[in-house]
Amino acid sequence: QVQLLESGGGLVQAGDSLRLSCAASGRTFSSVVRDWFRQAPGKEREFVARITWNNGITYYSDSAKGRFTISKDNAKNTIFLQMNNLKPEDTAVYFCAVSSFFNDYDPRKYDYWGQGTQVTVSS
């Protein structure tokens, strides 16, 4: 009924850039924040970036600051993650997620998740 579809992942070299998209479709739903997470094998799911849907206020993890930019297109019901100067440690599956309230980045507190898109950065 509600689906989030990530796209734009791929294989890149260190220092390259990549732009991820997360398109929402289906029934109308409440969206206060839309976030990007990532998860590498054997590691916890990690918050990357957030944007508030109404006002476009952004928040970033320390690892994302200065390199990644989150943005949105309300008309297309889509968020983006522009990733510059990629590093091997950025290798992970990247997920988008939606919450109907301003939460504390706890992965358990989101209403919807996408299936993820793989980003692999070689050195």
Side-chain angles (χ1 to χ4, degrees):
Q1 198 162 104
V2 174
Q3 56 186 8
L4 305 177
L5 181 60
E6 302 96 335
S7 62
L11 303 173
V12 297
Q13 295 182 341
D16 286 351
S17 297
L18 211 54
R19 183 177 175 88
L20 307 183
S21 300
C22 172
S25 61
R27 68 170 177 85
T28 300
F29 60 93
S30 178
S31 178
V32 172
V33 298
R34 298 195 185 191
D35 295 356
W36 286 99
F37 280 76
R38 67 187 183 188
Q39 188 166 27
K43 297 183 66 177
E44 296 287 322
R45 190 161 296 192
E46 174 190 25
F47 168 78
V48 177
R50 160 172 292 179
I51 189 165
T52 65
W53 190 243
N54 289 330
N55 297 322
I57 302 170
T58 59
Y59 305 81
Y60 297 95
S61 67
D62 289 340
S63 63
K65 289 177 183 176
R67 298 190 301 129
F68 295 179
T69 303
I70 188 170
S71 60
K72 64 186 178 73
D73 185 335
N74 294 68
K76 295 182 178 179
N77 207 3
T78 299
I79 63 169
F80 307 92
L81 186 67
Q82 178 67 44
M83 303 186 293
N84 296 328
N85 191 25
L86 283 162
K87 304 174 180 179
E89 51 263 43
D90 296 318
T91 295
V93 177
Y94 283 71
F95 300 89
C96 62
V98 174
S99 177
S100 59
F101 67 102
F102 198 98
N103 64 40
D104 59 355
Y105 311 112
D106 185 341
R108 299 171 296 181
K109 297 180 179 178
Y110 291 81
D111 300 293
Y112 305 104
W113 289 89
Q115 293 298 306
T117 184
Q118 177 70 50
V119 172
T120 302
V121 184
S122 62
S123 60

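Note that this is a predicted model, so its numbers are computed, not measured.
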Kindly write out the residues that satisfy ring pair (Phe, Tyr, Trp, His ring centres under 6.0 Å) with [X], not counting sequence neighbours, or none if the list is empty.
{"X": "Tyr110", "result": "Phe37, Trp113"}
{"X": "Phe95", "result": "none"}
{"X": "Tyr60", "result": "none"}

Problem set entry | Sequence-distant partners of Arg108, side chain to side chain contact (heavy atoms under 4.5 Å, CB included), two or more places apart | Asp106
For this session: List for me each residue that meets side chain to side chain contact (heavy atoms under 4.5 Å, CB included) alongside Thr52, sequence neighbours excluded, and say none if there are none.
Result: Val33, Asn55, Ile57, Tyr59, Phe102
Could I get the full list of salt bridge (Lys or Arg N to Asp or Glu O under 4.0 Å) partners for [X], not counting sequence neighbours?
{"X": "Lys65", "value": "Asp62"}
{"X": "Arg34", "value": "none"}
{"X": "Arg19", "value": "none"}

For this session: Spell out, yes or no, whether Ile70 and Phe68 are grouped together once hydrophobic residues are joined by side-chain heavy atoms under 4.5 Å, including indirect joins.
Result: yes
Exercise. For Phe101, what are the other residues in its hydrophobic cluster, where any two members join if their side-chain heavy atoms are less than 4.5 angstrom apart?
Worked result: none
Ignoring hydrogens and angles, write down the donor-acceptor pairs under 3.5 Å from the side chains of residues 81-88, residues two or more places apart or on other chains.
{"from": "Gln82", "atom 1": "NE2", "to": "Asn84", "atom 2": "OD1", "distance (Å)": "3.0"}
{"from": "Asn84", "atom 1": "OD1", "to": "Ser17", "atom 2": "OG", "distance (Å)": "2.9"}

Seminar exercise, completed: residues 24-94 vs disulfide bond (SG atoms under 2.5 Å apart), sequence neighbours excluded, gives none
Problem set entry | Gap separating the CG atom of Asn103 from the CZ atom of Phe47, nearest 0.5 angstrom | 9.0 Å
Seminar exercise, completed: Residue set satisfying side-chain hydrogen bond (donor to acceptor under 3.5 Å, both in side chains) with Ser100, at least two apart, ordered chain then number -> Asp111
Problem set entry | side chain to side chain contact (heavy atoms under 4.5 Å, CB included), paired with Val121, selected from Val12, Asp16, Leu11 | Val12
